[in-house]
Amino acid sequence: MSDPLRPSTRTAAVAADLLGRLREAPPLTHCITNTVVTGFTANVLLAIGAAPAMVDIAGEARLFAAAASGLLVNLGTPTPEQRAAATEAVAGADAAGTPWVLDPVAIGVLPVRTALAYDLLAQRPPAIRGNASEILALAGLSSGGRGVDATDAPEAALGAAADLASTWGSVVAVSGAVDLITDGESVVRIANGDPLLTRVTGGGCALGAVMAAFLGAARDSETVTHLDAVSSATLVYTLAAEHASATASGPGTFAVALLDALADIEPAEIAAEARVTETALTAEAAR
Amino acid sequence: MSDPLRPSTRTAAVAADLLGRLREAPPLTHCITNTVVTGFTANVLLAIGAAPAMVDIAGEARLFAAAASGLLVNLGTPTPEQRAAATEAVAGADAAGTPWVLDPVAIGVLPVRTALAYDLLAQRPPAIRGNASEILALAGLSSGGRGVDATDAPEAALGAAADLASTWGSVVAVSGAVDLITDGESVVRIANGDPLLTRVTGGGCALGAVMAAFLGAARDSETVTHLDAVSSATLVYTLAAEHASATASGPGTFAVALLDALADIEPAEIAAEARVTETALTAEAAR
Amino acid sequence: MSDPLRPSTRTAAVAADLLGRLREAPPLTHCITNTVVTGFTANVLLAIGAAPAMVDIAGEARLFAAAASGLLVNLGTPTPEQRAAATEAVAGADAAGTPWVLDPVAIGVLPVRTALAYDLLAQRPPAIRGNASEILALAGLSSGGRGVDATDAPEAALGAAADLASTWGSVVAVSGAVDLITDGESVVRIANGDPLLTRVTGGGCALGAVMAAFLGAARDSETVTHLDAVSSATLVYTLAAEHASATASGPGTFAVALLDALADIEPAEIAAEARVTETALTAEAAR
């Protein structure tokens, strides 16, 4: 990236502040997520200091989402029961003002989850997280990738992400070697992280849950935006991944070390290690 | 606890004996449990030496519970299929005399699981396990906590636990820094354990499965009571947690080390490390 | 084994070749598997270099199986939704020529999964994997074991495995201390592995997924048979288990180390460590 970027000291400062708040008052983080990653996702949330709850049945999800601090809706294994719960939960979240994250896993080719993703998109998710293929598919620009593979680079999805953000009032995060997060006006790029994250199932899905937790931790603030909260979650998570990879000898030890690193990371460490930039999209367009 | 407690050498001796029996003849332990912790729960049972089987569909659960040595019914993610399976399994267990454990995860506010918990309570579970909020809710005394958080201290639930025990003929275990287990006549307190157990998803749920395994291992004995078996399970599990925390550097390595420690713990080690007391509830009331 | 066996240098050479191919072009491996082992199975596939996708709902499974490189159908927790998805997926796989593996977990006594296993068997699975009890039950010769325990030795199931192979045109793998794999004409025996594999939930189930991945990697080859691919998967997996056990101090660290070992194992290492024989079944019968 040879663009005229300005290093975002703001993102690092907000991330440090939110991490501290999260640990002081653990946000109750409601997750409706796929059966492959439920355990890992809950462990990631517990490690970082949040309070996870996986309430994914009809008749309970609306109520719980209304009481939660943040909500994740991940479409990885959308059984009929989970689809009903997701719809209920989003209704409950919207009624109560609970911020929520949509993770449209593997949409595009697969019809059931794609239809549900479009339905949920129309509910204006405060945040959306996916790889480039999923974000392109959600914007109607691609038929999607091979499941959860990222077959497109994040930069290829920037236009789609910005369009989604502007149309639906969402913050859109695109995962990749450099993560992009945009609210339709500016784009945050985070170059932290480690390739081993792609060798652990739930490496991306759990980040969606961390975003929900940070959105929850930011609810009482008048100055922290959704863009800030989603960027902060990404920064803390990818920094922890760097710490973990320093001690890991493969994907098994990495996943374990990531949990230790999430528990161990301190707000004061963030600024020095962050590799974050923020640019106005108008500046991007002028390139 | 400055009470006139008597150290329970009995509990430690019974725990050592049951652990040995369990490893000689691994009890087939039937688990109907939430999707977040199924893998961890099965690994805990395999590590300690039991034989887990997660049979949670209608049409199979009754049959299997009747053939199993012990049964766990955990209400963490009660889909319609699991609710049907739980009801079937309890009927099968009762018909065959299979001891079972009810873990009423997050009941109180959430209506579906709360209704099911009351239905199952009426079937007189041989053992009940929960945190203080859940035990209070099951006794009708509280609206429950925030999911699986323990927002009340175990001692606050002792009265409720004793009432449940007396009313339903159950042994009731309340998890916390000091675990309480009561049959309505006396109370066992176990001070072993480690706070990292609360940072691992399934740290409590898996203990419910271990209780089912120990109840299974105790079935052939005429002298080992349900109070003994549930206390033994708690003691062995929390001792293993102490061993694990000695080598852990965070919640990720702790969960892994706990499995190693459960496989490694020997009956002969238990007596020296146990911090257990047993008191008559009449003595407690006189305080 | 004092039989006149010939060491199978062929199996080791094919395994090395397929492992290299798999890593160059990761096979999209569609898994319909039980909720206990989904996460571990996906992590095993990611570690070895394959691309897992757990698509287990009706309305998506047929489409996905047709596009995948290989498919696993594991019957460990067969909810109605998974049963519908399994039937769909097998139809899609058959229509597209996607090789698939049937893992009939705990069939025999449990009626729902047993009926489904027979239905799927009639679809002529390219590969079948189970312990001796399950293979005997699938051949109609036993009432099955205690869940996923192997209560019979693999050699006791060789006749049943060979019959299944001949009748249905399948390659049949029987897990145990020495794994057997037969296509009805010859039998491959693999003596690699470690007992700790039986102390980790999904230790066997994940091997079924690795078989599907290797079958996928072998699709473009005209010389690699299904017997070769299933044997190769078993050899690589059990060798990795040996590497893992060298650094493990119990079942917890073993499961983690297995993932590292699967990522780390190199094609060039296989020949020297393989303990594989291949014999014609006619020679076996003459013993």
Side-chain angles (χ1 to χ4, degrees), chain B residues 26-64 66-69 77 79-82 84-85 200 240 243-244 247-248 252-265, chain C residues 33-44 54 56 75-83 105-116 143-151 195-206 247-260:
Chain B
L28 181 58
T29 308
H30 180 183
C31 299
I32 297 178
T33 192
N34 68 78
T35 54
V36 187
V37 304
T38 42
F40 183 67
T41 300
N43 278 331
V44 161
L45 288 172
L46 285 169
I48 205 167
M54 270 58 185
V55 177
D56 63 353
I57 63 168
E60 293 190 344
R62 174 193 282 260
L63 188 68
F64 202 77
S69 302
T77 53
T79 58
E81 186 76 13
Q82 276 209 342
V200 173
H243 297 178
T247 66
T253 42
F254 173 75
V256 172
L258 178 58
L259 297 175
D260 284 1
L262 286 164
D264 196 52
I265 193 170
Chain C
T33 193
N34 67 77
T35 54
V36 187
V37 304
T38 42
F40 183 67
T41 300
N43 278 331
V44 161
M54 271 57 186
D56 62 354
L75 305 185
T77 52
T79 58
E81 186 75 14
Q82 276 210 340
R83 299 199 296 271
V105 178
I107 65 160
V109 169
L110 295 170
V112 175
R113 66 190 69 200
T114 303
L116 179 58
S143 58
R146 307 194 324 161
V148 293
D149 269 8
T151 55
L196 279 170
L197 272 178
T198 65
R199 300 290 293 276
V200 174
T201 196
C205 295
T247 66
S249 50
T253 42
F254 172 75
V256 172
L258 178 58
L259 297 175
D260 283 2

A.B. asks: Let me know if B/E60 has heavy atoms under 4.5 Å from chain C in its side chain, its backbone, both or neither.
C.D. replies: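 Looking at B/E60, backbone and side chain both touch chain C.
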A.B. asks: If we only count heavy atoms from C-beta on, is the B/T79 to C/E81 side-chain gap below 4.5 Å?
C.D. replies: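 No, their side chains stay 4.5 Å or more apart.
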A.B. asks: Between C/R199 and B/G49, what is the shortest heavy-atom contact and its length?
C.D. replies: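 Closest approach of C/R199 to B/G49, heavy atoms only: NH2-N, 4.3 Å.
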A.B. asks: Checking side chain to side chain contact (heavy atoms under 4.5 Å, CB included) against C/T253, which of B/V256, B/T247, B/T253 comes through?
C.D. replies: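 Among the candidates, only B/V256 passes.
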A.B. asks: Out of curiosity, B/D56 CG to C/N34 CG, how far, rounded to the nearest 0.5 Å?
C.D. replies: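 B/D56 atom CG to C/N34 atom CG measures 9.5 Å (nearest 0.5 Å).
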A.B. asks: Any side-chain donor paired with an acceptor under 3.5 Å for B/N43 and C/T201?
C.D. replies: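 Not at all, the side chains of B/N43 and C/T201 share no donor-acceptor pair under 3.5 Å.
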A.B. asks: At a 4.5 Å cut-off on heavy atoms, which part of B/I57 comes close to chain C: side chain, backbone, both, or neither?
C.D. replies: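 The side chain, not the backbone.
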A.B. asks: How close do B/D260 and C/P251 get, heavy atom to heavy atom, and via which atoms?
C.D. replies: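 Closest approach of B/D260 to C/P251: OD1-N, 3.2 Å.
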A.B. asks: Report which part of C/V37 has an atom under 4.5 Å of a heavy atom belonging to chain B: side chain, backbone, both, or neither.
C.D. replies: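 Contact with chain B: none, neither part.
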A.B. asks: Examine whether an atom of B/A67 lies under 4.5 Å from a heavy atom of chain C, and if so say whether it belongs to the side chain, the backbone or both; otherwise answer neither.
C.D. replies: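 Neither; nothing under 4.5 Å.
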A.B. asks: Please name the pair of heavy atoms, one in B/T38 and one in C/T35, separated by the smallest distance, quoted to 0.1 Å.
C.D. replies: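 Closest approach of B/T38 to C/T35: OG1-O, 3.1 Å.
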A.B. asks: Using a cut-off of under 4.5 Å for heavy-atom pairs, which of C/P111, C/A248, C/A255 has the most such pairs with chain B?
C.D. replies: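 Highest number of pairs under 4.5 Å: C/P111.
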A.B. asks: Hey, mind stepping through C/V200 and B/L46 against side-chain contact (heavy atoms from CB on, under 4.5 Å) and telling me if it holds?
C.D. replies: CA-CA 7 Å; C/V200 174; B/L46 285 169; 5.7 Å; no
A.B. asks: B/D264 side chain to C/G250 main-chain N or O, any donor-acceptor pair under 3.5 Å?
C.D. replies: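 No; judged by distance alone, with no hydrogens or angles, the pair does not exist.
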